[in-house]
Amino acid sequence: MPLRPPKLFLTALALLLGAGAVFAASHMTLRAPSAGATQHGLASQASTGGQDAAQLAALSEQANSAAPAGKPFALMPSAGSPLAPDFTLTTLDNKPVKLSDAVKKGPVLLDFWATWCGPCQMEMPELGTIYANYKARGVQIYGIDANDSRSQIQRFFKNASPGYPMLPDSGGIVATTYNISGIPALFLIDTSGRVRSVSVGFDPNTQADLPSSLDQLLAEHPQKTT
Amino acid sequence: MNTRTLPTCLAAASLMLALPLAIQGVASAQGAGPHGPRYATVAASASPVAVAPGQSGKLIIRLAVAPGFHVNSAKPDDPSLIATSFAPNAVKGVHYGAPVYPAVSRVKIEASPKPIPAYIGSVAIIVPFTVAKSAHAGKLSVGGTLTYQGCNAVSCYPPKQDPIAAAVSVK
C-alpha cells in the first residue's frame, strides 16, 4: 500500500525543519567551543553562524574592494555587527590564544599578514606602537599569518618584532573563516566578540585613525579594561 | 503522483536543512578559493609550433597584469618578497634553457619609500627549448609552472602557481 501522507502536513514539516536549521545555524556563535586546540594551530576550529559568516564575508569583500580612504577604522554599531568566528591558535612561544577568552580582557585587533607582504611590513611598526600604548588598557593585537610556516615567521622576526604576539595559522583555517583575500587585513573586535571594523590594505593614517576607534571601544566597556 | 509526495517533501526538507550550511560554505569558499581579485592572466604558446629534431624553439609565457596591480619581478629588491619564477616540466627529448624574464618597471606604491621592481601591463617570459636530435615525429607539450605574486598599491594577494603548457609538433 503506497504511503500517502497529507501534502499540507509534509509541507509544514519541511518548513519547520528549514526554520529550525536556519535558527541553529544563526546561533552557532562566538560562544561555540573551539575544539581540539592547538598543535601549531592546525587543530583549531573557527566557528560562526551562517548569518554572521555571510555578513563577515560581505564586510571583507567590501573592505577588499574599497581603497582605504576617509576613516577606515570607523566603528559599525554593535547591534547588527557580525560575531567574530572563534578560534584557538598558539603564539610563537606556544601559548594558546582563544579569541572568545581574549575579548573578555578587552578589544582585540586581528592583523592578517604574511612575510612576503610589503604593505603588511610597513604597517606593523605603527601597530606595534599602538599596541605599546594600549596594551595596559586591555587592548590586544594579534598577527595572524596563514601563509608562512612557524619557522619562517620566527626567522622573519629574528632581528625585530612589532611587539604584539604572532599566531601562525597553518593551513589557513582562520584566514579562510574570516574570508581573507588581500592583506594586510585588520579586524577590530569588541568585548562582546563582535567585528566592529574591517580594514584591508595599508593605511598610512593607521596611527592617527585607529586609536580613536580603540578609545571608543574602551569607553563602551570600561569595566573590562585593566 | 501521490506515491511521490513523501520523497518530494523529504527532499524539500533536506534542501531547507542544507541551505543555511551551504550559504556558509559558499562564504568560506569565496575566501579560500580564488583569494581575491583576478589580478593577472597567463597564456602560453610555442614559437615555432613545429620543430625539427635538433632544432630550437621558444616557449612564450604572456603575463597580463590588471591595471592598478603589479607582480613581483624575478629579482625583487626585498628578499622576503616572492619572485616570479618558471619551473619547467621534464619532457623526454626536450632541453630547456634559462628563462628570460622581461624588463621591470619601477612601481611607486604607498607602502614602500622607494619604487619597487615589478611587472605591470602585459609582459612575456621567454623560455628557450631544444628538441633532441633523437626525438621522433609527433606532438609534445612544453611547459611547467609559473609562480608569481601580486599586489596593488596597498594590498597583496597570495602567490599563485599556474600550470603552463604549449603544444609543439616534431616534424
Side-chain angles (χ1 to χ4, degrees), chain A residues 2-7 9-11 13-22 24-26 28 48-58 60-61 64-65 67-68 114-123 146-147 156 172 175-185 200-204, chain B residues 1-37 39 68-70 72 76-83 107 109-114 116 118 149-159:
Chain A
L3 187 59
R4 299 168 67 180
K7 194 173 179 179
F9 168 76
L10 288 171
T11 305
L13 175 67
L15 286 171
L16 197 63
L17 283 168
V22 170
S26 64
M28 290 187 296
T48 188
Q51 199 175 14
D52 288 310
Q55 201 178 346
L56 193 62
S60 301
E61 195 66 34
N64 260 306
S65 58
T115 58
W116 43 259
C117 169
C120 304
Q121 294 173 30
M122 291 295 291
E123 193 149 63
N147 299 277
F156 187 78
T176 297
T177 307
Y178 278 77
N179 203 37
I180 299 303
S181 168
I183 51 174
V200 177
F202 170 74
D203 172 20
Chain B
M1 177 183 156
N2 286 336
T3 55
R4 289 198 298 267
T5 303
L6 181 60
T8 303
C9 287
L10 289 176
S14 303
L15 184 64
M16 296 185 81
L17 265 172
L19 194 58
L21 301 175
I23 290 169
Q24 186 177 359
V26 167
S28 297
Q30 283 172 341
H35 282 296
Y39 60 81
F69 290 86
H70 62 270
N72 289 335
D77 289 342
D78 182 345
S80 69
L81 302 186
I82 294 175
V107 180
I109 60 172
E110 187 83 61
S112 176
K114 61 177 186 175
I116 62 168
Q149 190 268 311
C151 304
N152 59 27
V154 295
S155 300
C156 288
Y157 299 88

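Letters go in sequence order (proteins before strands), and every chain restarts at 1. Keep in mind it's a predicted model, so treat the numbers as computed, not measured.
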When the 4.5 angstrom heavy-atom criterion is applied to A:Glu123 and chain B, the contacting part is neither
Side chain to side chain contact (heavy atoms under 4.5 Å, CB included) against A:Ala146, all qualifying residues, sequence neighbours excluded: A:Asp169, A:Ala175
Could you tell me which non-hydrogen atom of A:Phe156 sits nearest to which non-hydrogen atom of B:Ser80, and how far apart they are? CE1-CB, 4.2 Å
Checking B:Asn72, B:Asp78, B:Ile82 against A:Trp116 for side-chain contact (heavy atoms from CB on, under 4.5 Å), the one that qualifies is B:Ile82
In terms of heavy-atom contacts, A:Val200 and B:Ser155 come closest through CG1-OG, 3.8 Å
Within-4.5 Å side-chain heavy-atom neighbours: A:Cys117 and B:Cys151: no
